[in-house]
There are 2 protein chains.
Amino acid sequence: MTEQKRPPTLLDVARDAGVSSNTASVVLNGSRSNTRVSEATRQRVLSAAANLSYVPNAMARGLAQKRTQAIGVLFGVAAGSTDYVTNPYMAGILQGVLEAAGDAGHSVTIYTQRWVNAKVSAPLFRDGRTDGVLVIAPPATADILAGLATVGIPLAAVACEAAELEIPSADVDNKAGVEAVVTHLAALGHTRIAIITGETDMSSTALRTLAFQTTLTAAGIEFDADLVTSCTYSGAGAESAFLGLWNRQQRPTAIFACNDAIAAGVARAARSLGVGIPEELSLVGFDDVPTAAMVTPPLTTVRQPLQMIGSAATKMLLGRIAGDFYPATAQLLAPELIVRESTCRVGSDR
Amino acid sequence: MTEQKRPPTLLDVARDAGVSSNTASVVLNGSRSNTRVSEATRQRVLSAAANLSYVPNAMARGLAQKRTQAIGVLFGVAAGSTDYVTNPYMAGILQGVLEAAGDAGHSVTIYTQRWVNAKVSAPLFRDGRTDGVLVIAPPATADILAGLATVGIPLAAVACEAAELEIPSADVDNKAGVEAVVTHLAALGHTRIAIITGETDMSSTALRTLAFQTTLTAAGIEFDADLVTSCTYSGAGAESAFLGLWNRQQRPTAIFACNDAIAAGVARAARSLGVGIPEELSLVGFDDVPTAAMVTPPLTTVRQPLQMIGSAATKMLLGRIAGDFYPATAQLLAPELIVRESTCRVGSDR
DNA sequence: GCCTGGTGACTAAACGCTTAGTCATTCTAA
DNA sequence: TTAGAATGACTAAGCGTTTAGTCACCAGGC
């Protein structure tokens, strides 16, 4: 086994260069301390550091300057689940986070502890391990955001209401996405449009349901509360949600599933009932995960710019970390309706 | 903005409890130091800590005991790419890593710096930020593993040859997976079986190609080097790889694509040529990503237990961190052939 | 009445780095 | 000349923990 040789310290560099450790420190991080240093000395220090492949110890540096060059990520996983990144949504966001953090020279620490409640869990994020925390899609019912807000660390959020807590956030423009869906379906002549939402405690559910209703009304289509139902974003329960809708005396001619996993469940259920998509039922998803293009028929859906959302939120967090003046804006990124083959004119056979 | 209130320190706890800071330390982490403490004192310290919601500073603790309770992850992303977790393979592995690390009370830090070369990049991992590093699917050509091995930090790896460097690793049993594929195809009467591999500098490519050849031979099927070609695991180039094979005077009757993305590319190319799958061409993938079940026809493929692989490698890393005696074994996890509808008896019309 | 040993807690050093404060030397300007 | 300003570098005090070493006290055995 490779023995754990002790890494060279600043003192080693200083000794090799024949200077004091603080001089070495000043040289190596171009600090604006009042310590001045001649060119010759500077070169000696630099070459000593290079010879030793000196890398400053992150712990010591973090302790001294209370900055770690790392940001934390907290996934808002559903209670009882440990599903962090297997769903494409989380993976896409994380990708954006990694890119933005990497560009800024920060590493990304994923917190693995489960959230219990604000009293117990929030203080754990005060451990100085990261310079700030990015909270991704926390359930609205959990006190995660509020709890973290009380511990006084820089925060930013993805896909949740954070404005009233003075926390900057990024998300897809849910309203615009839903509008695009409803407008698309209305243009195809649909008037009986159902919606199947995800978990009711996610902020996106409220936003999308509301936008659904208002856009419908604006399009002159009567909103029917009977055509609103829900399951989970994982897609579990989508089939029975579909059955519930399909057993109405007045069936919908189109279904807006609030994500692609739900849409896939609906498609499966429809197929097993012999319901033709899109001839008998138009179906729209949300997210545009890779599978959306692959299923039969290819799914009309709303593409979220996941990486951009992740990057945007990360930049906000970095802004908060860098200076206290960073505003608590909620940045909404434009979605894009991807029309494929799961939607068609109502009553048409294509 | 929430002001950054200074978190309570051990000294605050000690003061509140009317003891010295070291007594507080000893109480709070049940250390086996020679400092003894009476039950009454212990209780005073504990309640003081609870009142303040005291959380030890990770940097200070890390500095003092040279342990951070965090493991690092380095993704072996292809040169020029910054694609960390958008592909399902990486996401699945990472999920397993997070679970295992979480169970052990470690957080997971993803290194975002790009690997340049061993001389430049390896020392960066000596910064004490993590207790060890897990390297995931590094290109065999890069000197990542070898470079890290020289800096003397605990290591483990996923999906690469690490034994000769004395590094423990986990991977799917590539040989078993390929055997299952070839056996399946042979049982269906195929004798002209092509293989399309991923990047040639990935260790999995070599392993799968070799296993392919030996299994073929063992099954009494002549190995034809003309039926071996490659593209990239991202699926880019899969279509032209297919075309290359299809333009041989002796076409294959089955293609083994070394992952599902490649298989998807082949399916696309086949469809555009009007080649029927599976009637004219049986197609097998590898990985069993979610889309594999969704495409038309649903793909026969080899399922990798990604999360288990990630967890297994993480446990090995934790073993290395915990004690120097942890062996450098290469753990191979069993794959599972998932037979769907993209394969059928050769020459049959189903 | 003295030594031994157990109990309970404290002091201080160390971890590796940053940075405010100090100081000696040389150079410039009056 | 000499006060004053640069210049170049050093000393030392943290940052918040851990942990080795020290010490006072008290009970009991001789």
Side-chain angles (χ1 to χ4, degrees), chain A residues 4-46 48-49 52-69 123 126-131, chain B residues 4-46 48-49 52-70 123 126-129 131:
Chain A
Q4 291 263 62
K5 28 190 170 224
R6 182 179 134 300
T9 72
L10 188 59
L11 206 61
D12 296 325
V13 174
R15 190 179 312 113
D16 282 17
V19 299
S20 74
S21 72
N22 97 84
T23 302
S25 168
V26 168
V27 168
L28 291 176
N29 44 50
S31 134
R32 58 291 176 222
S33 137
N34 57 2
T35 289
R36 267 176 298 271
V37 110
S38 69
E39 189 52 30
T41 308
R42 168 181 311 277
Q43 290 307 332
R44 257 183 303 136
V45 170
L46 289 177
L52 293 171
S53 296
Y54 169 73
V55 172
N57 179 291
M59 294 294 127
R61 187 189 277 241
L63 185 57
Q65 43 176 41
K66 298 171 171 309
R67 280 304 205 73
T68 65
Q69 298 287 99
R126 211 173 38 185
D127 70 354
R129 194 181 281 288
T130 60
D131 292 336
Chain B
Q4 290 262 63
K5 27 193 169 224
R6 183 177 132 301
T9 72
L10 188 58
L11 207 60
D12 297 324
V13 174
R15 190 180 312 113
D16 282 17
V19 299
S20 75
S21 72
N22 99 82
T23 302
S25 168
V26 167
V27 168
L28 290 176
N29 45 49
S31 132
R32 57 291 175 224
S33 135
N34 56 0
T35 290
R36 267 175 299 270
V37 118
S38 70
E39 188 53 29
T41 307
R42 169 182 310 279
Q43 289 307 332
R44 257 183 304 135
V45 170
L46 288 177
L52 293 172
S53 295
Y54 170 74
V55 172
N57 179 291
M59 294 293 127
R61 187 189 277 238
L63 184 58
Q65 43 177 39
K66 296 171 173 310
R67 279 305 204 74
T68 65
Q69 299 287 100
R126 209 174 39 185
D127 70 354
R129 194 181 283 286
D131 292 336

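Chain identifiers are assigned alphabetically (A, B, ...) following the order of the sequence lines, protein sequences preceding nucleic acid strands; residue numbering begins at 1 within each chain.
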Is the phosphate of [N], meaning OP1 or OP2, less than 4.0 Å from a side-chain N or O of [X]?
X: B:Ser25; N: D:dT18; result: yes
X: A:Thr9; N: C:dC15; result: no
X: B:Ser38; N: C:dA9; result: yes

Roughly, in whole Å, what's the span from [atom1] in [X] to [atom2] in [N]?
X: A:Asn57; N: C:dA14; atom1: CG; atom2: C1'; answer: 13 Å
X: B:Leu52; N: D:dG16; atom1: CG; atom2: P; answer: 14 Å
X: B:Arg42; N: C:dG8; atom1: CZ; atom2: C1'; answer: 12 Å
X: B:Leu28; N: D:dT19; atom1: CG; atom2: C1'; answer: 15 Å
X: A:Arg36; N: D:dG8; atom1: CZ; atom2: C1'; answer: 7 Å
X: B:Glu39; N: C:dT7; atom1: CD; atom2: P; answer: 14 Å
X: B:Asn29; N: D:dT19; atom1: CG; atom2: C1'; answer: 10 Å
X: A:Arg44; N: D:dG8; atom1: CZ; atom2: P; answer: 13 Å

B:Ser53 backbone acceptor or donor facing A:Arg126 side chain under 3.5 Å: yes

Whether B:Arg129 side chain and B:Ala70 backbone form a donor-acceptor pair below 3.5 Å: no

Contacts of B:Arg15 that satisfy side chain to side chain donor-acceptor pair (under 3.5 Å) - sequence neighbours left out: B:Asp12

Sequence-distant partners of A:Thr23, side chain to side chain donor-acceptor pair (under 3.5 Å), two or more places apart: A:Ser20

Side chain proximity check, B:Val37 to B:Val45, heavy atoms < 4.5 angstrom: no

Close side-chain approach of A:Leu10 and A:Leu28, heavy atoms under 4.5 Å: yes

Of residues 59-69 of chain A, the positions that come close to DNA chain D - non-hydrogen atoms, cut-off under 4.0 Å: A:Leu63, A:Ala64, A:Lys66

Identified side chain to side chain donor-acceptor pair (under 3.5 Å) counterpart of A:Thr41 within the set A:Arg44, A:Glu39, A:Gln43: A:Arg44

Rounded distance (nearest 0.5 Å) linking atom CG of A:Leu46 with atom OH of A:Tyr54: 12.5 Å

Approximate separation, where rounding is to 0.5 Å, of A:Leu11 CG and A:Asn22 CG: 11.5 Å

Contact summary for B:Ala24 and B:Val19, nearest pair of heavy atoms: N-CG2, 4.2 Å

Can you name the atoms? Protein N/O to nucleotides 10-12 of chain C N/O, anything below 3.5 Å, with the distance.
unit_1, atom_1, unit_2, atom_2, d
C:dC10, OP1, B:Ser20, N, 3.4
C:dC10, OP2, B:Ser20, N, 3.0
C:dC10, OP2, B:Ser20, OG, 2.9
C:dC10, OP2, B:Thr23, OG1, 2.5
C:dC10, N4, B:Asn22, OD1, 3.3
C:dC10, N4, B:Thr35, OG1, 2.4
C:dT11, O4, B:Asn22, ND2, 3.0

Axis deviation across the helix from C:dC2-D:dG29 to C:dA30-D:dT1, five-pair ends, to the nearest 10°: 70°

Counting only pairs under 3.5 Å, give me each side-chain donor-acceptor contact of residues 55-67 of chain A, with atom names and distances, residues two or more places apart or in other chains.
unit_1, atom_1, unit_2, atom_2, d
A:Asn57, OD1, A:Met59, N, 2.8
A:Asn57, OD1, A:Ala60, N, 2.8
A:Arg67, NH2, A:Ile321, O, 3.4

